[in-house]
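To keep things clear, I will list the structure first and then write my remarks on it.
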Amino acid sequence: MRRLATVLTVAVLSAGALAGCGGDSWADKCTTAEGVVECAPGQRTPVKEVSGELLDGKPYDLKQDAGKVVVVNFWGSWCAPCRAEADDLEKTYQSTKAQNVTFLGVNTRDDRDAAIQFERNRVTYPSIYDVDGKVALQFDVTQTSTPATLIIDRQGRIAVAIRQATTITQLQPLVEKVAAEGNG
């Protein structure tokens, strides 16, 4: 019962905070089409400090990936669309990591053992364990569903937000586009 109350509280808080309540949304400055928000370099919002504990118990801080393109995928083992997109995420990761691109999962509203089992033999990049939604809140974006994916540019700004399950044909060109941008 306590776990249910915690999950419901987090869901309500996350919905309000991630919906951009209380001010202009960063996405209002960007182009939105079919669940994908793309921001031109001059319109991008910097990501604030993000840190958490990985599924394996090690600490993670987004600062350790400074200068890289970081693809952040919000997922849960309970989420059927997350299972459907996992192979495409891994294939995109493998295809783009030589371009100084890294991937990070954010596992939400999940049991740690179920999350670890889900990742096994599916993805090789790490995931933050975010059972209570606190790490998702650190990204301060309009994430209204799981799964969702962010592409953060080399300057630590949100370049793209995909507010639905994604595929390699959608994700990889977006990642490559952001990776090809200069560092200025």
Side-chain angles (χ1 to χ4, degrees), residues 18 26 30 36-41 44-77 79 81-108 110 112 115-131 133-141 143 146-184:
L18 296 176
W26 65 272
C30 305
V36 178
V37 179
E38 286 190 73
C39 299
R44 295 178 184 165
T45 300
V47 175
K48 298 174 183 152
E49 292 188 27
V50 175
S51 62
E53 182 180 295
L54 298 174
L55 284 172
D56 65 7
K58 295 177 185 168
Y60 174 84
D61 191 318
L62 188 61
K63 289 178 190 173
Q64 73 191 48
D65 289 320
K68 295 181 180 180
V69 172
V70 182
V71 179
V72 182
N73 177 256
F74 298 87
W75 65 276
S77 65
C79 164
C82 299
R83 289 190 294 277
E85 73 176 1
D87 288 343
D88 287 328
L89 288 160
E90 178 64 19
K91 288 175 185 172
T92 303
Y93 170 61
Q94 293 300 329
S95 296
T96 60
K97 65 182 179 179
Q99 298 168 24
N100 207 18
V101 173
T102 193
F103 277 52
L104 174 69
V106 177
N107 172 256
T108 183
D110 218 340
R112 187 183 296 262
I116 290 169
Q117 184 63 34
F118 174 88
E119 274 199 336
R120 188 171 291 135
N121 301 320
R122 278 194 177 98
V123 298
T124 58
Y125 53 85
S127 285
I128 292 177
Y129 182 58
D130 188 28
V131 69
K134 290 180 182 175
V135 174
L137 289 173
Q138 292 174 26
F139 283 96
D140 195 29
V141 296
Q143 177 202 346
T146 300
T149 304
L150 299 177
I151 303 173
I152 300 170
D153 69 15
R154 297 183 196 288
Q155 291 76 42
R157 305 170 302 183
I158 301 168
V160 178
I162 302 171
R163 297 176 171 163
Q164 60 199 11
T166 191
T167 62
I168 193 169
T169 57
Q170 178 186 54
L171 181 61
Q172 189 164 331
L174 294 168
V175 173
E176 289 174 345
K177 179 179 174 181
V178 175
E181 295 173 352
N183 287 326

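Predicted model only: the values in this text are computed from it and were never measured.
- With 3.5 Å as the limit, one finds no donor-acceptor pair spanning the side chains of Q172 and T167.
- Within the 4.5 Å cutoff, the side chain of L89 has heavy atoms near those of the T166 side chain.
- Although no hydrogens or angles enter the test, the distance criterion places no donor-acceptor pair under 3.5 Å between the side chain of R122 and the main chain of D87.
- No side-chain donor from either of S127 and N107 sits under 3.5 Å from a side-chain acceptor of the other.
- The residue from T108, L104, L62, V72 that alone fulfils the side-chain contact (heavy atoms from CB on, under 4.5 Å) condition with I128 is L104.
- Ring orientation note: the planes of F118 and W75 are close to parallel, at an angle under 30° on the 30°/60° scale.
- D130 and A136 get closest at one heavy-atom pair: OD2-N, 2.9 Å.
- Inter-residue side-chain proximity for L150 and F74 is flagged as met; some heavy-atom pair is nearer than 4.5 Å.
- Considering all non-hydrogen atoms of both residues, A179 and V101 come closest at CB-CG2, 3.8 Å.
- In terms of heavy atoms, T146 sits closest to C82 at CG2-SG, 3.8 Å.
- A 4.5 Å side-chain heavy-atom check between D153 and R44 finds at least one atom pair inside the cut-off.
- The main-chain N or O of S51 is found under 3.5 Å from a side-chain atom of Q138 such that the two form a donor-acceptor pair.
- Judged by distance alone, the side chain of E90 and the main-chain N or O of T124 form a donor-acceptor pair under 3.5 Å.
- Annotation: side chain of V71 is in contact with side chain of T149 (closest heavy-atom distance under 4.5 Å).
- The minimum heavy-atom distance between E85 and A165, with the atom names listed, is OE1-CA, 3.2 Å.
- Taking all atoms of both residues into account, the shortest heavy-atom contact from P126 to L54 is CB-CD2, 3.9 Å.
- Under the 4.5 Å side-chain criterion, counting only non-hydrogen atoms from C-beta, V178 is in contact with V160.
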(message) Checking I158 against F139 for the side chain to side chain contact (heavy atoms under 4.5 Å, CB included) test, could you report, in this order, the C-alpha distance in whole Å, the side-chain angles of both residues, the deciding distance, and whether it holds?
(response) CA-CA 9 Å; I158 301 168; F139 283 96; 5.9 Å; no
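- Applying the 6.0 Å contact sphere to CD of E49 captures no more than 12 heavy atoms from other residues, nucleotides or ligands.
- Using modelled atom types and a 3.5 Å distance limit, the side chains of Y93 and D88 yield no donor-acceptor pair.
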(message) Test salt bridge (Lys or Arg N to Asp or Glu O under 4.0 Å) on E181 and R157; report intermediate values, then the result.
(response) CA-CA 13 Å; E181 295 173 352; R157 305 170 302 183; 5.2 Å; no
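- Judged by distance alone, the side chains of T96 and E176 never bring a donor and an acceptor atom under 3.5 Å apart.
- To the nearest 0.5 Å, the span separating CG on N73 from CD1 on I162 amounts to 9.0 Å.
- Inter-residue side-chain proximity for T92 and F103 is flagged as met; some heavy-atom pair is nearer than 4.5 Å.
- Without hydrogens or angle criteria, R83 side chain to G76 main chain gives no donor-acceptor distance under 3.5 Å.
- With hydrogens and angles ignored, the 3.5 Å screen pairs no side-chain donor or acceptor of N100 with any backbone N or O of K68.
- The side chain to side chain contact (heavy atoms under 4.5 Å, CB included) check on I116 picks up L55, R112, R120, with sequence neighbours excluded.
- Side-chain atoms of D65 do not come within 3.5 Å of backbone N or O of V69 as any donor-acceptor pair.
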